[in-house]
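Throughout, protein chains are lettered first and strands after them, A, B, ... in sequence-line order, and every chain is numbered starting at 1.
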Amino acid sequence: MLSIGYIRENEDEIRKMLANRSNNADLDKLIELDEKRRIFTQEIDDFRHERKELSKQIGLLKKNGEDAEKEMEKAAELNNELASLEEKQRETDEEYQNLILTFPNIPDESVPIGKDDSFNREEKKWGVKPEFTFEVKSHDALAEKLGIIDFNRATKIAGSRFATMVGTGAKLERALINFMLDVHTHEHNYTEIMPPVIVNSKSLTGTGQLPKFEEDLFKLNYRDYYLIPTAEVPVTNHFADEILSEDDLPVKFVAYTPCFRSEAGSYGQDTKGLIRQHQFNKVELVKFAHPDKSWQELEALLADAEEILQELGLHYRVVTLSTGDMGFASAKTYDIEVWLPSFNTYREISSCSNFTDFQARRASIRYKDKSTGKNNFVHTLNGSGLAVGRTVVAILENYQQEDGTVIVPEVLRPYMGGMDKISPE
RNA sequence: GGAGAGGUGCUGGAGUGGUCGAACAGGGCUGCCUGCUAAGCAGUUGCGGGGGCAACUCCGCCGAGGGUUCGAAUCCCUCCCUCUCCGCCA
């Protein structure tokens, strides 16, 4: 959420920002509602003040055994007027709240301006594209031949966009999770946490998935419950409605969770294989940072995610998402895209963002400034470190051999009982 | 799921209709004192919002939302959460 004070004072900048993001949030309406809301608030405050004074008088009069009829009538009249004002304010306020929640975060100046992903800026490449002397197979073809992923049975028991990992496939998935968690906890000093994977709508509003993106979520038919689309939701909300000590910043968490996405609106895209699933595993990095430090924390976060790919020996590039391609809550997003030979392109495997105070404001996550004693909003950041399913895809495709076997990257072998090659089960 | 108890400020804990944003204690902060530590003395100490250049001032907040009343932390209703016992269960 943006600060209404900032919006009021920087109307032109906000208008330009919305255009850059191709967002049609109604700024004029917001400003109008804000003014209305403040006028109502003022009037209601005045009425309440008057009523308070009257009530005090009534109390005193009654105590002295005097007649307070006149005052009580006056107070009842006041209450009538108050009630109608309060009703109007309630409506205005609700409309205002609903509207301001649909305003996206302001992109950082370093973000390229453009309407879609063609305006994303490539920042760097790491490693080299693997060369193949034979025709490469797609990961799903390889996995089926090896008998390590069963797509058909997953479809039978759940539906499309699900997969069952079998034998070495399941072991590879688990090895990757453990490897990633170990690197981030032991080498990068993140604290591992395992949060609920079901959350309420308040949490989803806090991180920005609601109210605008409800159709992307799986809503449970029980209470106000949703399956998480990413660990960002429960982990960022870990400190919702709390005030942290300045000395505790930055707080760094790493969480492994399954993630659930409806993938509404992606019909026909990536229908084959593991790329786009309703359920997938992800190791997520989340930081709560001091506002003065969040940009350097973003660079560090990106480096932490990159290291996983480097240790796995996977070729990738880093791009900065353009204003039109970046997420609603983000001020700046780096995508790490891994090379996938069968697609002959780079595909997103991690997304690292600085949300500045946008989520902190929605979820009310603050820290107490030591020098001023004031409470300020922290900055929140997160990034995949990494999406596990897509890492499996990248390993299968990049390490495939002509005979259909797959070499296990060295760093994973200790996690796979020493296995150095995946052969047919 | 059943029976009972309870949710108050950083913490403990008073407060059952009127001047209570809330006694008291602890903690924190600031002075004084002090060889160090501890103790002592005095003061201070919640969050959000509106108005004002400012000193300041006004409104809201005692789990959440409704209701009764001139007036609610206090009374009533609904919900959420916590604790104890029982049932069930991994």
Side-chain angles (χ1 to χ4, degrees), chain A residues 1-9 30-101 194-206 210 220-226 234 237-249 251 258 357-378:
Chain A
M1 184 161 65
L2 300 175
S3 149
I4 186 63
Y6 187 86
I7 294 176
R8 235 180 264 149
E9 279 155 36
L30 185 75
I31 287 167
E32 182 197 320
L33 285 170
D34 174 48
E35 269 169 33
K36 245 172 110 176
R37 185 182 66 108
R38 280 153 67 220
I39 290 167
F40 280 136
T41 302
Q42 189 65 55
E43 287 180 359
I44 286 170
D45 279 4
D46 290 346
F47 270 106
R48 282 188 181 151
H49 178 59
E50 205 175 327
R51 185 182 66 184
K52 221 177 197 176
E53 294 296 326
L54 260 177
S55 289
K56 264 188 207 172
Q57 276 182 37
I58 293 168
L60 281 174
L61 286 170
K62 289 203 162 178
K63 204 172 171 184
N64 298 331
E66 293 176 45
D67 176 48
E69 269 310 308
K70 246 186 202 148
E71 283 74 12
M72 285 173 68
E73 265 174 43
K74 179 100 191 283
E77 258 173 57
L78 271 180
N79 271 344
N80 274 338
E81 294 186 59
L82 240 182
S84 89
L85 266 178
E86 279 173 337
E87 175 60 28
K88 280 190 219 159
Q89 189 205 32
R90 222 188 333 266
E91 285 166 14
T92 309
D93 208 58
E94 200 184 317
E95 209 181 334
Y96 164 81
Q97 284 299 341
N98 290 339
L99 185 57
I100 195 169
L101 285 174
M194 220 177 246
V197 299
I198 293 173
V199 294
N200 56 35
S201 58
K202 179 170 184 281
S203 295
L204 287 156
T205 306
L210 289 179
L220 299 188
N221 196 14
Y222 178 72
R223 293 197 181 170
D224 175 37
Y225 280 170
Y226 296 80
N237 280 285
H238 190 70
F239 289 131
D241 300 317
E242 292 192 33
I243 299 169
L244 308 176
S245 155
E246 188 174 359
D247 291 330
D248 291 340
L249 302 178
V251 178
D357 65 0
F358 188 84
Q359 293 179 326
R361 203 178 282 282
R362 288 177 160 237
S364 189
I365 308 167
R366 293 170 293 174
Y367 71 95
K368 193 172 279 295
D369 185 294
K370 278 201 298 187
S371 57
T372 65
K374 293 257 185 216
N375 297 328
N376 299 324
F377 291 109
V378 301

Inset, instruction - Name the pairing partner of B:rG35, where a pair is Watson-Crick or G-U wobble with both distances under 3.5 Å, or state none. - result: none
Inset, instruction - Could you check how far CZ of A:Arg48 sits from C1' of B:rC70, rounded to whole Å? - result: 15 Å
Legend entry - Pairwise P distance, B:rC85 and B:rC62 [rounded to whole Å]: 32 Å
Inset, instruction - With P as the reference atom in both, quote the distance from B:rC10 to B:rG48 in angstrom, rounded to an integer. - result: 11 Å
Legend entry - Side-chain N or O of A:Arg38 closer than 4.0 Å to phosphate OP1/OP2 of B:rG51: yes
Inset, instruction - Using a strict cut-off of less than 4.0 Å between a Lys/Arg side-chain nitrogen and an Asp/Glu carboxylate oxygen, indicate whether A:Arg51 and A:Glu81 qualify as a salt bridge. - result: no
Legend entry - Residue pair A:Lys74, A:Glu50: steps toward the salt bridge (charged side-chain N to carboxylate O under 4.0 Å, His left out) verdict: CA-CA 10 Å; A:Lys74 179 100 191 283; A:Glu50 205 175 327; 3.7 Å; yes
Legend entry - Side chain of A:Ala75 (C-beta onward), nearest among B:rC70, B:rU19, B:rG49: B:rC70
Inset, instruction - Return the value, rounded to whole Å, for the distance between atom CD1 of A:Ile243 and atom P of B:rG9. - result: 13 Å
Legend entry - Residue A:Arg366, side-chain atoms from C-beta onward, closest of B:rG49, B:rG71, B:rC47: B:rC47
Legend entry - Options B:rC70, B:rG66, B:rC58, nucleotide nearest the side-chain atoms of A:Ala76: B:rC70
Legend entry - Minimum-distance nucleotide to A:Arg223 side chain [options: B:rC81, B:rC59, B:rG71]: B:rC81
Legend entry - Distance in angstrom units between A:Met72 CE and B:rG18 P, rounded: 15 Å
